[in-house]
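This report concerns only the one structure given below.
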Amino acid sequence: MSAPAITEADFQKQVTDLAELLHWQWAHFRPAETSKGWRTPVSGPLGKGFPDLVLVKGPRLIFAELKRDGGKVTADQLDVLAVFADAAETYVWRPADFDEIQSALQTIEKALKS
């Protein structure tokens, strides 16, 4: 019997807990329930597809789209990440990538100690 898949919300909590442990600042914009269902109010061409997390520490800026195992990245999300890639680090992270995530968030620690 295999363990149940982690939800995207639980995965996000793991990533933000790690970020806080490593002293990153972060933001996530949550949807709200409206009469038309769940919506995240946005405007502008980057609004639709905006990544799940923005993380900042020192000179580093990361935009990360989080997906549960098997979750699909939308065309809008890929388009926004491509725009941000010219100015910042961009990632699509899944639970299986946790070692990579930890390495990415600890990289600045190693650089600052050098």
Side-chain angles (χ1 to χ4, degrees):
M1 184 173 179
S2 62
I6 186 171
T7 66
E8 193 171 303
D10 287 341
F11 175 46
Q12 179 179 303
K13 175 91 168 90
Q14 288 180 341
V15 174
T16 56
D17 284 352
L18 176 63
E20 288 183 9
L21 181 68
L22 297 172
H23 308 289
W24 284 78
Q25 299 294 316
W26 61 271
H28 168 73
F29 304 99
R30 296 180 310 202
E33 190 169 17
T34 70
S35 61
K36 296 181 182 181
W38 288 93
R39 303 282 191 261
T40 304
V42 297
S43 60
L46 296 175
K48 191 173 182 183
F50 198 87
D52 290 312
L53 289 178
V54 179
L55 300 114
V56 180
K57 184 172 183 183
R60 291 188 58 206
L61 173 63
I62 293 175
F63 292 95
E65 181 60 38
L66 305 180
K67 292 293 176 189
R68 62 178 171 75
D69 290 325
K72 300 207 183 309
V73 183
T74 68
D76 288 329
Q77 290 167 333
L78 290 172
D79 289 345
V80 171
L81 287 174
V83 169
F84 288 156
D86 287 338
E89 296 173 57
T90 60
Y91 299 95
V92 175
W93 284 333
R94 300 177 186 282
D97 301 323
F98 202 77
D99 288 344
E100 175 190 326
I101 296 164
Q102 188 170 1
S103 179
L105 297 182
Q106 288 178 327
T107 299
I108 195 166
E109 301 297 319
K110 296 172 188 167
L112 292 173
K113 290 180 182 176
S114 298

(request) Kindly state each residue pair satisfying ring-ring contact (aromatic ring centres under 6.0 Å, His included) with at least one member in residues 56-78, sequence neighbours excluded. (result) F63-F84

(message) Under the rule for salt bridge (Lys or Arg N to Asp or Glu O under 4.0 Å), what residues qualify as partners of E8, not counting sequence neighbours?
(response) none

(request) Give a yes or no on whether L66 and V80 share a hydrophobic cluster (residues Ile, Leu, Val, Met, Phe, Trp, Tyr; joining criterion: side-chain heavy atoms under 4.5 Å apart). (result) no

(message) On a heavy-atom basis, which atom in P51 and which in A64 lie closest, and how many Å separate them?
(response) CB-O, 3.6 Å

(request) Check step by step if side chain to side chain contact (heavy atoms under 4.5 Å, CB included) holds for Q77 and V92. (result) CA-CA 10 Å; Q77 290 167 333; V92 175; over 6 Å; no

(request) Output every pair passing salt bridge (Lys or Arg N to Asp or Glu O under 4.0 Å) with a member in residues 94-103, not counting sequence neighbours, ordered by first then second residue. (result) none

(request) Can you sort out the partners of D69 under side-chain hydrogen bond (donor to acceptor under 3.5 Å, both in side chains), two or more places apart, ordered by chain and number? (result) none

(request) State plainly whether one hydrophobic cluster holds both V73 and L46, where clusters connect Ile, Leu, Val, Met, Phe, Trp and Tyr through side-chain heavy atoms under 4.5 angstrom apart. (result) yes

(request) For the residue pair I62 and L105, establish whether any side-chain heavy-atom pair is separated by less than 4.5 Å. (result) yes

(message) Taking side-chain hydrogen bond (donor to acceptor under 3.5 Å, both in side chains) as the definition, give me every residue that meets it alongside E20, ordered by chain and number, with sequence neighbours left out.
(response) W26

(message) Could you work out, with ring-ring contact (aromatic ring centres under 6.0 Å, His included) as the rule, every residue matching Y91, not counting sequence neighbours?
(response) W93

(request) Supply the atom-to-atom distance I6 CD1 to R68 CZ, rounded to the nearest 0.5 angstrom. (result) 12.0 Å

(request) List for me each residue that meets side-chain hydrogen bond (donor to acceptor under 3.5 Å, both in side chains) alongside K48, sequence neighbours excluded, and say none if there are none. (result) none

(message) For L53, is there any backbone N or O sitting under 3.5 Å from a side-chain donor or acceptor partner on H28?
(response) no

(message) If the condition is side-chain hydrogen bond (donor to acceptor under 3.5 Å, both in side chains), which residues does D17 pass it with, not counting sequence neighbours?
(response) K13

(request) Find out if a path of hydrophobic residues (ILVMFWY) with successive side-chain heavy-atom gaps under 4.5 Å connects F98 to L55. (result) yes

(request) Find out if a path of hydrophobic residues (ILVMFWY) with successive side-chain heavy-atom gaps under 4.5 Å connects L81 to V56. (result) yes

(request) Answer whether the closest heavy-atom distance between the side chains of D52 and F11 falls below 4.5 Å. (result) no

(message) Within a 6.0 Å radius of atom CD on E33, are there more than 12 heavy atoms belonging to other residues, nucleotides or ligands?
(response) yes

(request) Kindly indicate whether the side chain of I101, heavy atoms from C-beta on, has any atom under 4.5 Å from the side chain of Q14. (result) no

(message) Using side-chain heavy atoms (C-beta onward) and a distance below 4.5 Å, is D79 in contact with T74?
(response) no

(request) With sequence neighbours left out, write down each residue that passes side-chain contact (heavy atoms from CB on, under 4.5 Å) with K36, or none if nothing qualifies. (result) T34, R39

